Amino acid sequence: LDEIVDKLNELAEENQRLTDKLNQTALELVDGVISQGKAVEISEMSYNEFLDYRAKNGKPMELHL
């Protein structure tokens, strides 16, 4: 009986490890999709819209000539 309990505990730990890994992978994929979507959105902005976007998001840029 102890062997069965040990095996079940081992399987439960492995299941949790794989679940954690799957969740992390899913988060990375979602983050990548959001980043790509934001890149497309930014690429379609005019320069002034981009400057406004940066200023609103706490990353203002100055024009350097």
Side-chain angles (χ1 to χ4, degrees):
L1 188 59
D2 287 339
E3 288 179 32
I4 293 172
V5 171
D6 289 344
K7 189 64 174 175
L8 286 173
N9 286 334
E10 183 181 315
L11 290 172
E13 289 174 8
E14 180 65 3
N15 185 45
Q16 187 61 52
R17 185 188 73 79
L18 291 172
T19 299
D20 292 345
K21 179 69 175 170
L22 179 61
N23 288 337
Q24 181 62 39
T25 302
L27 288 173
E28 290 170 4
L29 288 171
V30 168
D31 186 47
V33 168
I34 291 170
S35 296
Q36 289 177 1
K38 185 56 69 180
V40 169
E41 180 183 331
I42 289 171
S43 72
E44 294 173 347
M45 292 179 183
S46 71
Y47 184 69
N48 285 332
E49 289 171 330
F50 178 67
L51 292 180
D52 290 343
Y53 167 81
R54 292 284 297 204
K56 288 178 188 173
N57 288 286
K59 300 176 184 176
M61 293 178 59
E62 295 178 9
L63 178 60
H64 295 280
L65 299 175

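From a predicted model like this one, the values you see are computed outputs, not experimental measurements. We use all heavy atoms of the structure for the numbers below, so side chains are in, but hydrogens, waters and symmetry mates are not.
- Within 6.0 Å of CD in Glu14 there are more than 12 heavy atoms belonging to other residues, nucleotides or ligands.
- Taking the side-chain contact (heavy atoms from CB on, under 4.5 Å) definition, one finds that Lys56 meets it with nothing, sequence neighbours left out.
- Through ILVMFWY side-chain contacts below 4.5 Å, Val5 is grouped with nothing and stands alone.
- How far CD1 of Ile4 is from CG of Asn9: 12.0 Å, rounded to the nearest 0.5 Å.
- A tilted orientation is assigned to the rings of Tyr47 and Phe50, their planes being inclined by 30° to 60°.
- How far CG of Leu8 is from CG of Asn15: 11.5 Å, rounded to the nearest 0.5 Å.
- Looking only at atom types and distance, the side chain of Asp20 has no donor-acceptor partner in the side chain of Gln24 under 3.5 Å away.
- Of all the heavy atoms in Glu49 and Glu44, the pair that sits closest is OE1-O, 4.3 Å.
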